[in-house]
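First up is the structure itself, then whatever we jot down about it.
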Amino acid sequence: GSGGISPLTTRLVLEGPLDSGKTSFLIGGRTTYSDWLLKLLPDEYKNSSASFYDLNLNIAHEFNPKNSLYLMGYMSNDQFRLNSDTLYKYSNKNANITWKHIFNNKLYGTLTAGYDRYQYSISSTDNPVNGYVYSFNINQANLKADFNYAFNASHTIDFGLNSILYKLHPGSYLPDGSHSLVAPDVLQSEQALESALYLGDKFTITPNLSVNGGIRYSIYNYLGAHDVYNYAPGLPIEVQNIVDTTSYGNGKVIKTYQGPEYRVAVRYALSDNASIKASYNTQRQYIHVISNTISISPTDIWKLSDPNIKPQTGDQYSLGFYHNFNNNIIETSVEVYYKHIQNYLDYKSGAQLTMNPHIETDVLTTRGKAYGAEFLIKKSTGRLNGWISYTYSRTLLQQDDPLAGQTINNGNYYPANFDRPNNVNFIGNYKFSHRFSISLDANYSTGRPITLPVAIYYLAGSERVFYSERNQYRIPDYFRTDFSMNIEGNHKIKKFKHSSWTIGVYNLTGRKNPYSIYFVQQNGVIQGYKLSIFGTAIP
């Protein structure tokens, strides 16, 4: 077992054998009790609260040399309130059971069944009359069979099939408390079935050259029960252009998308410590995520592909050079990549993303390109060890939706919400002795893009706000350094327990990194504010 306790968190992991070694288990958990610290921080945090917990369970059982069973479970819950009564909560649950069977010394297979659930909610009861709870959840049930056949030590194939049943509850807005007068509103649930067959081949052609290729064919069915809005052909997909509604019964196939995915990767060894890798792959994704980048809450919207929203597709190319030095003590690599994206969903200007019964009227499809280079230097052993990496990456989008009813940035490319060109990560460890060491962890990234209000104007006697082009500005860059000292107990072998102390500082430089940017109009002037969480050094 291993565990730890700190002023903020506690963790414990236990593992071991059962049943004379045929069964083994691992169980672990973490939790926090940080509210006491929030109350010691300045006044803007005194009414705040935060907590989380997570639990893990793994059980493995060997029936005989050819049959084994594996069980995995996980659950987590997080919640926080930032100096108000609004409570944000989100949680994950998943479980998987896998049976592995060895047919012979060339062929083995696994059969896996699993279930996943993610949900979040926002609630407020500050004013009992307006008390509400808004919630959203995604559920997935999956079944898959995977097989591996080895012709010989240099040639193996993988093949199998899988299915995922998606169930989304896109939102409910309900009264919270007996005094609330909030009108209940629940959106239609969605469901879809994604199935696929795949075949992969790994072949070592020569000691220096190996190839890994594969093909996967996926079929996606958008299913009822659901009401689908039909729009006038040739006109923008907008509420005023709805012509009728088609109702589908439970399990009825509403729309089918299908197509192949390809992948190939080649590795060539230049020497014992240097190699080149190149790859190409295509992807199809049937579930979309739409983010409101200004919100401080975990309120991303997920949407299944349907008759009005096509699947996202992409092609990616990559090339890398890898070289180790000094008997593989120092590892270096350089990788470049380029990705072409089709049917990526973005939101229209002024879009309503939450509790929208026809969200297709507030989104548009874009095409995009993502490209960049990644550099890494890593020293994994020795008194001084660690790594430093630098990534330059861009993700740019361009509206190409003829039925959007509006244009974004005049049809020119603009940065995606997660476009952060520069990222630097550094981890350094230095061991002064067997019992005392220090660690430094630093990371920097370019601030994410944001659309800003840049002017106020008057139209028809009303005051209006004029915004910049989409994502043409950025919030301040992110930088954080964490430092810790690690003090271990003695290293006697015959001890009931081995212990250590860690003393550290989070955000050593006290930088006020922005968590959210928001704007308030005060006396006719728009004021911008930056919300920082823990904008100080935390021991």
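When reading the values below, keep in mind they use all heavy atoms of this one structure, side chains included, and skip hydrogens, waters and symmetry mates.
Between the side chain of Asn423 and the backbone N or O of Arg420 there is at least one donor-acceptor pair closer than 3.5 Å. A distance-only check finds a donor-acceptor pair linking the side chain of Asn343 to the backbone of Pro311 [under 3.5 Å]. Side chain of Asn409 to backbone of Arg470: a donor-acceptor contact under 3.5 angstrom is found. Ser34 places a side-chain N or O within donor-acceptor distance of the main-chain N or O of Ala50, the cut-off being under 3.5 Å. Using a distance-only test at 3.5 Å, with no hydrogens or angles considered, no donor-acceptor pair links the side chain of Ser123 to the main chain of Val133. Put simply, the side chain of Ser468 gets close to the backbone of Leu452: a donor and an acceptor are under 3.5 Å apart. Proximity of a side-chain donor or acceptor of Asp362 to a complementary backbone N or O of Ala351 within less than 3.5 Å is not detected. Judged by distance alone, the side chain of Asn130 and the main-chain N or O of Asn127 form no donor-acceptor pair under 3.5 Å. Looking at Thr31, its side chain does come within 3.5 Å of a backbone N or O of Phe52 through a donor-acceptor pair. In this structure a side-chain-to-backbone donor-acceptor pair under 3.5 Å is present from Gln352 to Thr354.
Note: Ile517 CD1 to Arg448 CZ = 7.5 Å, rounded to the nearest 0.5 Å. To the nearest 0.5 Å, atoms NZ (Lys369) and OG1 (Thr395) are separated by 11.5 Å. Expressed to the nearest 0.5 Å, how far CD1 of Ile408 lies from CG of Leu397 amounts to 10.5 Å. One finds the CG atom of Leu508 at 11.0 Å from the CZ atom of Arg480 (value rounded to the nearest 0.5 Å). Taken to the nearest 0.5 Å, the CD1 atom of Ile287 stands 5.0 Å off from the CG atom of Leu304. Between Tyr390 atom OH and Tyr444 atom OH the span is 8.5 Å, to the nearest 0.5 Å.
Between Asn326 and Lys379, the side chains place no donor N or O within less than 3.5 Å of an acceptor N or O (distance only, hydrogens not considered). A donor-acceptor pair shorter than 3.5 Å can be found between the side chains of Ser172 and Ser135. For the residue pair Tyr120 and Asn137, no side-chain donor N or O sits within less than 3.5 Å of a side-chain acceptor on the partner. Side-chain atoms of Ser271 and Asn273 form a donor-acceptor pair, as typed in the model, at a separation below 3.5 Å. Looking only at atom types and distance, the side chain of Gln398 has a donor-acceptor partner in the side chain of Arg367 under 3.5 Å away. Using modelled atom types and a 3.5 Å distance limit, the side chains of Asp477 and Thr446 yield no donor-acceptor pair. Asn471 and Asp419 share no donor-acceptor pair across their side chains, judged by distance under 3.5 Å alone. Arg117 and Asn139 share a side-chain donor-acceptor pair at under 3.5 Å.
Checking each of Leu57, Asn94, Leu55, Asn58 against Tyr74 for a side-chain contact (heavy atoms from CB on, under 4.5 Å) leaves exactly one that passes, namely Asn94. Paired with Tyr118 under the rule ring-ring contact (aromatic ring centres under 6.0 Å, His included), one option of Trp302, Tyr166, Phe136 passes, and it is Trp302.
Annotation: ring pair (Phe, Tyr, Trp, His ring centres under 6.0 Å) contacts of Tyr430 (sequence neighbours excluded): Phe432. Taking Tyr344 as the reference, nothing meets the ring pair (Phe, Tyr, Trp, His ring centres under 6.0 Å) condition, with sequence neighbours excluded.
The local environment of CZ in Phe436 is crowded, with over 12 non-hydrogen atoms from other residues, nucleotides or ligands closer than 6.0 Å. Annotation: Lys348, atom NZ; neighbour count of heavy atoms from other residues, nucleotides and ligands within 6.0 Å is above 12. Few gaps surround NZ on Lys530; more than 12 heavy atoms of other groups in view lie less than 6.0 Å from it.
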When the side chains of residues 5-16 are checked against the rest of the protein, which donor-acceptor pairs come out under 3.5 Å, sequence neighbours left out?
| unit_1 | atom_1 | unit_2 | atom_2 | d |
| --- | --- | --- | --- | --- |
| Ser6 | OG | Leu8 | N | 3.1 |
| Ser6 | OG | Thr9 | N | 2.9 |
| Ser6 | OG | Thr9 | O | 3.3 |
| Ser6 | OG | Thr9 | OG1 | 3.3 |
| Thr10 | OG1 | Tyr33 | OH | 2.8 |

Got a list of side-chain donor-acceptor pairs under 3.5 Å for residues 261-270, not counting sequence neighbours?
| unit_1 | atom_1 | unit_2 | atom_2 | d |
| --- | --- | --- | --- | --- |
| Glu261 | OE1 | Arg216 | NH1 | 2.6 |
| Glu261 | OE2 | Arg284 | N | 2.7 |
| Arg263 | NH1 | Asn212 | OD1 | 2.9 |

Going by atom type alone, with no hydrogens or angles, which donor-acceptor pairs under 3.5 Å involve a side-chain atom of residues 313-324 and a protein atom two or more places apart or on another chain?
| unit_1 | atom_1 | unit_2 | atom_2 | d |
| --- | --- | --- | --- | --- |
| Asp315 | OD2 | Tyr280 | OH | 3.0 |
| Ser318 | OG | Ser279 | OG | 2.5 |
| Tyr322 | OH | Glu335 | OE1 | 3.0 |
| Asn324 | ND2 | Asn328 | OD1 | 3.2 |

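You'll find the side chain of Lys497 stays beyond 4.5 Å of the side chain of Ser2, heavy atoms only. Side-chain atoms of Gln406 and Ser349, non-hydrogen and from C-beta on, do get closer than 4.5 Å to each other. Inter-residue side-chain proximity for Phe479 and Thr509 is flagged as met; some heavy-atom pair is nearer than 4.5 Å. Counting only heavy atoms from C-beta outward, the side chains of Asp146 and Lys144 approach each other to under 4.5 Å. Side-chain contact between Lys303 and Ile309 is present, with at least one heavy-atom pair separated by less than 4.5 Å.
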Could you give me the CA-CA distance, side-chain angles and deciding distance for Ser532 and Asn513, then say whether side-chain contact (heavy atoms from CB on, under 4.5 Å) is met?
CA-CA 6 Å; Ser532 297; Asn513 288 302; 5.6 Å; no
Under the side-chain contact (heavy atoms from CB on, under 4.5 Å) criterion, do Asn77 and Gln79 qualify, and how do the steps go?
CA-CA 7 Å; Asn77 188 80; Gln79 63 180 35; 4.3 Å; yes
Test side-chain contact (heavy atoms from CB on, under 4.5 Å) on Asn443 and Tyr478; report intermediate values, then the result.
CA-CA 8 Å; Asn443 55 78; Tyr478 183 93; 3.1 Å; yes
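Every pair passing salt bridge (Lys or Arg N to Asp or Glu O under 4.0 Å) that includes a residue from residues 24-34 is listed here, sequence neighbours excluded: Arg30-Asp54.
The aromatic rings of Tyr88 and Phe80 lie parallel to each other, with less than 30° between the two planes, well short of the 60° mark.
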